[in-house]
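In what follows, every heavy atom counts, from backbone to side chain, and hydrogens, waters and symmetry copies are set aside.
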Amino acid sequence: MDAAKSLKKKLALLLIVALIFILLFNVNMPNNNNKSIPKPSGPAGVCSLGISEQTITPLKNTKHLLVSAYVDQRVKDLDIRIIGIFKRDSIQPLHCVFCCTNVLSKTTPATILQHSDHFGFPFTTTDVMCQIPQNCKATRVTLLTTPDKESASDSTWLPIRNQKSDRQKEENMKFDFTVCISNLFGDYNNVLQFAETLEMYRLLGVNRVVIYNTSCGPELDRLLQNYSQEGFVEMVPWPIDKHLNPSRGWLHSEHGGDVHYFGQLTTLNECIYRSMERSRYVLLNDIDEIIMPYQHKDLMSLMNTLQNQNPNTGVFLIENHTYPKKTFNQSKWGPLPQWNGVPGFDIMVHIYREEPNRNIYHPHKLIVQPRAVQQTSVHDVLMMSATKFKVPPDVCRIIHSPIRTPTDPPLDQLHVDTRLWDFKDKLLPNVIKVLQRTELLTSETQN
């Protein structure tokens with residue numbers, strides 16, 4: 001009997017120990033009902049990777065190149081404009097996919113708009129327009145050749161610029177005037193002309209100069225790095241020669257190559273969108289050209305007059321006038337600095353102007369309100385939302401001082417134009433200062 005009681009006590013004790021053990025085990029076990037479920041790996045998080053840090057990005061599974069992406073809601077039902085360089089005979093359906101606060105969006109069909117000016121080259125500037133899906137706060141975009149968003153996992157993303165947070169009212173914009181210099185390439189090293197032109201633009205009221213640089217000479221690179229550090233020049237790397245065989249000319253039938261003039265048409269358009277939320281006006285011209293007011297002291301007073309006279313105008317065409325190199329008579333016109341040892345030539349001695357032949361096509365360059373332009377070419381705007389106006393040459397014209405000219409007219413067929421000299425007292429000291437600062441000129445070499 002005692003043995004039976006002892007066994008019951010042992011079983012009860014064992015049961016109590018087992019219950020305690022089960023209770024402790026459940027307390028220490030993680031509660032799966034309260035455990036946060038991790039976000040699935042793969043496409044939903046992939047948009048945080050592979051952001052392009054290049055100015056030219058190949059598009060996977062195509063022959064095309066992507067440059068940049070901007071918010072642009074001026075076309076109905078479309079939100080994003082991607083600027084690219086596409087092979088004209090290889091256009092295919094494309095699909096847009098967005099990174100929406102680190103979540104991959106569904107794809108939307110792309111609208112492909114090739115620019116009409118390509119001068120016969122196989123590659124042309126192309127806009128790809130995309131619609132952002134509802135409830136997507138898009139920060140990045142890429143293009144796919146299929147509507148399957150899973151294929152975005154190893155794509156390269158473009159950051160979307162000109163977001164609403166970046167937009168400014170026109171009167172609050174950071175810059176009044178931006179000059180877009182489309183391309184530097186080869187061993188171009190005309191330091192003196194560059195310094196004089198940049199300092200002339202500064203006196204005329206330009207706040208920023210954007211330069212797309214493929215390559216240049218060492219002395220010019222030193223000068224531009226100085227301007228860049230100062231904040232007056234924005235250097236945009238443009239390695240087009242790493243992707244295509246760029247032409248050094250403007251017409252494919254004469255110059256060959258893949259794309260017009262080192263991609264000039266693309267860089268001009270890219271510069272307009274780059275400046276759209278930062279600059280009231282953009283000047284589109286080459287570095288050997290100065291858009292010069294002749295009845296106003298600077299560009300702002302010129303544009304105030306033109307805008308008041310033409311309130312609905314967003315594109316102003318400025319007539320080109322060539323100033324060929326001629327022997328400069330210092331005994332007649334007065335001495336100028338000699339700039340010994342500085343690469344390049346002095347635009348101040350280009351005082352003889354050639355009258356344009358208006359019986360044939362004569363080119364212009366442009367001053368535009370960037371928000372009024374959708375597509376541009378070199379000498380005219382292709383798509384815009386405003387009117388355009390040809391500025392009379394006695395009000396404003398281009399002082400074009402090229403290295404060489406196709407003709408060499410005699411002096412008696414040229415007009416003397418010393419408009420640049422009106423700025424000489426301020427211009428020359430500023431040029432001397434920047435050349436000395438970059439150690440491209442010493443006090444001994446300027447006489």
Side-chain angles (χ1 to χ4, degrees), residues 70 72-76 81 83 113-119 124-125 127 129 162 170-171 173 175-182 201 204-206 210 250 260-261 264-286 289-296 298-322 356-400:
Y70 293 92
D72 184 6
Q73 296 176 316
R74 295 173 296 174
V75 180
K76 185 179 179 182
R81 184 182 300 264
I83 299 172
L113 305 173
Q114 293 190 67
H115 289 216
S116 57
D117 271 10
H118 49 70
F119 304 106
T124 186
T125 304
D127 296 332
M129 305 293 294
N162 293 356
E170 186 173 312
E171 60 270 20
M173 285 190 174
F175 307 117
D176 289 320
F177 295 95
T178 293
V179 175
C180 295
I181 305 298
S182 54
Y201 267 133
L204 290 174
V206 169
V210 181
W250 69 275
H260 166 271
Y261 209 59
Q264 179 186 34
L265 295 168
T266 305
T267 57
L268 290 175
N269 281 273
E270 209 282 335
C271 194
I272 286 177
Y273 283 88
R274 179 179 290 261
S275 306
M276 197 166 285
E277 300 301 329
R278 296 191 284 179
S279 190
R280 291 181 63 190
Y281 294 101
V282 170
L283 285 66
L284 304 175
N285 60 271
D286 296 333
E289 299 168 337
I290 297 174
I291 295 179
M292 175 62 73
Y294 274 74
Q295 297 180 11
H296 302 80
D298 54 29
L299 288 167
M300 183 54 77
S301 55
L302 166 71
M303 294 312 300
N304 286 340
T305 300
L306 291 176
Q307 208 72 74
N308 288 333
Q309 295 170 349
N310 308 274
N312 297 319
T313 299
V315 176
F316 298 86
L317 303 175
I318 315 297
E319 190 175 77
N320 182 66
H321 288 244
T322 301
N357 183 359
R358 297 182 180 87
N359 295 321
I360 60 175
Y361 171 75
H362 188 66
H364 293 72
K365 291 297 174 71
L366 310 172
I367 301 177
V368 303
Q369 294 177 2
R371 291 180 176 182
V373 177
Q374 294 179 28
Q375 294 182 357
T376 192
S377 186
V378 180
H379 302 295
D380 206 348
V381 169
L382 302 177
M383 294 181 64
M384 58 186 171
S385 59
T387 59
K388 59 184 176 181
F389 175 71
K390 283 189 177 182
V391 180
D394 62 327
V395 175
C396 180
R397 59 177 175 258
I398 293 175
I399 296 177
H400 182 196

Tell me whether N162 contacts the main-chain N or O of Y273 through its side chain, where contact means a donor paired with an acceptor under 3.5 Å. yes

Can you check side chain to side chain contact (heavy atoms under 4.5 Å, CB included) on V210 and I181, steps first, answer last? CA-CA 6 Å; V210 181; I181 305 298; over 6 Å; no

Test side-chain hydrogen bond (donor to acceptor under 3.5 Å, both in side chains) on T125 and T266 and set out the steps. CA-CA 5 Å; T125 304; T266 305; 2.7 Å; yes

Partners of F389 by ring pair (Phe, Tyr, Trp, His ring centres under 6.0 Å), sequence neighbours excluded? none

If I take atom NE2 from residue H364 and atom CZ from residue F316, how far apart are they, to the nearest 0.5 angstrom? 13.5 Å

Stepwise side chain to side chain contact (heavy atoms under 4.5 Å, CB included) check, L382 with H115: CA-CA 8 Å; L382 302 177; H115 289 216; 4.1 Å; yes

Within the 4.5 Å heavy-atom criterion, are W250 and V378 side-chain neighbours or not? no

Can you list everything that forms a side chain to side chain contact (heavy atoms under 4.5 Å, CB included) with N312? Sequence neighbours excluded, please. T387

Using the test side-chain hydrogen bond (donor to acceptor under 3.5 Å, both in side chains), find all partners of S116 that sit at least two apart in sequence or belong to another chain. none

Partners passing side chain to side chain contact (heavy atoms under 4.5 Å, CB included) against S385 (at least two apart in sequence or in another chain): A372

Taking only residues two or more places apart in sequence or in another chain, which ones pass salt bridge (charged side-chain N to carboxylate O under 4.0 Å, His left out) with R81? D72, D127

Sorted by first residue and then second, give each salt bridge (charged side-chain N to carboxylate O under 4.0 Å, His left out) pair with at least one member in residues 302-321; sequence neighbours left out. E319-R358

Got a second to check how far R371's CZ is from S279's OG, nearest 0.5 Å? 10.5 Å

Side chain to side chain contact (heavy atoms under 4.5 Å, CB included) involving Y201 - partner list, sequence neighbours excluded: V179, T197, L204, V206, L283, N285, I290, I291

Looking at R397 and Y294, would you say the former's side chain and the latter's main chain have a donor-acceptor pair under 3.5 Å? no

According to side-chain hydrogen bond (donor to acceptor under 3.5 Å, both in side chains), who are the partners of T376, at least two apart in sequence or on a separate chain? none

side-chain hydrogen bond (donor to acceptor under 3.5 Å, both in side chains) with T322: which residues, sequence neighbours excluded? none

Looking at every heavy atom in both P393 and H321, which two are closest together, and how far apart are they? CB-NE2, 3.7 Å

Worked verdict on N320 versus K365 for side chain to side chain contact (heavy atoms under 4.5 Å, CB included): CA-CA 7 Å; N320 182 66; K365 291 297 174 71; 5.7 Å; no

Can you sort out the partners of M300 under side chain to side chain contact (heavy atoms under 4.5 Å, CB included), two or more places apart, ordered by chain and number? D176, F177, R280, D298, N304

As an exercise, state the distance from CD1 of I318 to CG of L302, rounded to the nearest 0.5 Å. 7.0 Å

Taken in chain and number order and not counting sequence neighbours, the residues that satisfy salt bridge (charged side-chain N to carboxylate O under 4.0 Å, His left out) with D380 are K388

Does D117 reach the side chain of H260, with side-chain heavy atoms less than 4.5 Å apart? no

Given side chains that start at C-beta, do those of T313 and L306 come closer than 4.5 Å, heavy atoms only? no

Taking all atoms of both residues into account, what is the closest heavy-atom pair of Q295 and D394, and its distance? NE2-O, 3.2 Å

For Q307, give me all partners under side-chain hydrogen bond (donor to acceptor under 3.5 Å, both in side chains), at least two apart in sequence or on another chain. Y281, Q369

Flag side-chain contact, heavy atom, 4.5 Å: N269 against Q375: yes

Indicate yes or no: at least one non-hydrogen side-chain atom of R274 is less than 4.5 angstrom from one of T178. no

Euclidean distance, Y261 OH relative to T267 OG1, rounded to 0.5 Å: 10.5 Å

What one should report as the nearest heavy-atom pair of C271 and S275 is O-OG, 2.8 Å

Interatomic spacing from CE in M292 to NE2 in H400 - rounded to 0.5 Å: 14.5 Å

To the nearest 0.5 Å, what is the distance between CG on L113 and CD1 on I83? 12.0 Å

